[in-house]
Amino acid sequence: MDGTLITPSFTSLYGQTEINPLHPAHLTGCDIGNTRPSIICNLYRAKVEEAVRLIRPDWTITFDGSVYGPRDWQPLTGDEAEELHDMIDTIDLDAIVAAATR
């Protein structure tokens, strides 16, 4: 992976760090049964990365939720962190779970 580790969990960009923020049970808040958890994680990660890249286009979210960026990265401002939190909070998990079960 090229770049500098910014944080091991994207949730620390706007709030308290969550361990394994891309775990399906954590995402859905329940046991997801017979769905495809890796698809759920990948789809959600892509949506999170999309939100992050609207604010910081050169940052990347890895499959474990870590954030990497350029060596000269700067922390998010308070307004950027709030905007990112709002964007991530509006990701439609129900739609992601539905897409994973097709």
Side-chain angles (χ1 to χ4, degrees):
M1 159 82 32
D2 290 339
T4 300
L5 177 65
I6 294 171
T7 179
S9 175
F10 65 84
T11 60
S12 69
L13 295 173
Y14 54 82
Q16 183 173 339
T17 300
E18 295 180 20
I19 297 172
N20 200 2
L22 296 177
H23 189 279
H26 167 78
L27 293 175
T28 60
C30 62
D31 179 17
I32 55 172
N34 223 6
T35 61
R36 299 181 181 109
S38 63
I39 293 173
I40 292 170
C41 293
N42 290 338
L43 292 172
Y44 184 74
R45 186 210 59 79
K47 290 292 188 183
V48 168
E49 185 170 67
E50 185 178 299
V52 167
R53 286 190 169 187
L54 288 172
I55 297 170
R56 297 293 168 95
D58 51 356
W59 287 10
T60 301
I61 308 296
T62 61
F63 290 109
D64 67 355
S66 298
V67 180
Y68 284 83
R71 187 178 313 246
D72 61 345
W73 70 276
Q74 296 293 314
L76 297 178
T77 66
D79 288 342
E80 290 172 329
E82 185 176 338
E83 181 180 359
L84 178 61
H85 181 261
D86 291 345
M87 286 189 287
I88 290 174
D89 198 40
T90 61
I91 294 172
D92 189 347
L93 283 170
D94 292 335
I96 289 172
V97 171
T101 59
R102 285 187 218 155

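Just so it is clear, the model here is predicted, and its values are computed rather than measured. Computation of the quantities below employed the complete heavy-atom set of this structure, encompassing side-chain atoms and omitting hydrogens, waters and symmetry-equivalent molecules. Numbers here are sequence positions counted from 1.
Nearest heavy-atom pair, Pro8 versus Ser66, reported as atom, atom and distance to 0.1 Å: O-OG, 3.4 Å. When every heavy atom of Ile55 is checked against every heavy atom of Glu80, the shortest pair comes out as CD1-O, 3.5 Å. Here the closest non-hydrogen pair linking Leu43 and Ile96 is CB-CG2, 3.8 Å.
With hydrogens and angles ignored, the 3.5 Å screen pairs no side-chain donor or acceptor of Arg45 with any backbone N or O of Asp64.
For the atom pair CG (Asn42) and CD (Glu49), the distance works out to 11.0 Å, reported to the nearest 0.5 Å. Expressed to the nearest 0.5 Å, how far OG1 of Thr60 lies from CZ of Phe10 amounts to 14.0 Å. The CG atom of Asp58 lies 15.5 Å from the OH atom of Tyr68; values are rounded to the nearest 0.5 Å.
Taking the six-membered ring where the residue is Trp, Trp59 and Trp73 present perpendicular rings, their angle passing 60° and hence far from 30°.
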- [ ] Starting from the C-alpha separation in whole Å, work towards a yes-or-no answer on side chain to side chain contact (heavy atoms under 4.5 Å, CB included) for Leu76 and Tyr14.
- [x] CA-CA 8 Å; Leu76 297 178; Tyr14 54 82; 5.9 Å; no
Under 3.5 Å, side-chain donor or acceptor atoms of residues 84-92 against the rest of the protein: list the pairs with distances, not counting sequence neighbours.
{"from": "Thr90", "atom 1": "OG1", "to": "Asp86", "atom 2": "O", "distance (Å)": "3.4"}
{"from": "Thr90", "atom 1": "OG1", "to": "Met87", "atom 2": "O", "distance (Å)": "2.9"}
{"from": "Asp92", "atom 1": "OD1", "to": "Asp94", "atom 2": "N", "distance (Å)": "3.2"}
{"from": "Asp92", "atom 1": "OD1", "to": "Ala95", "atom 2": "N", "distance (Å)": "3.1"}

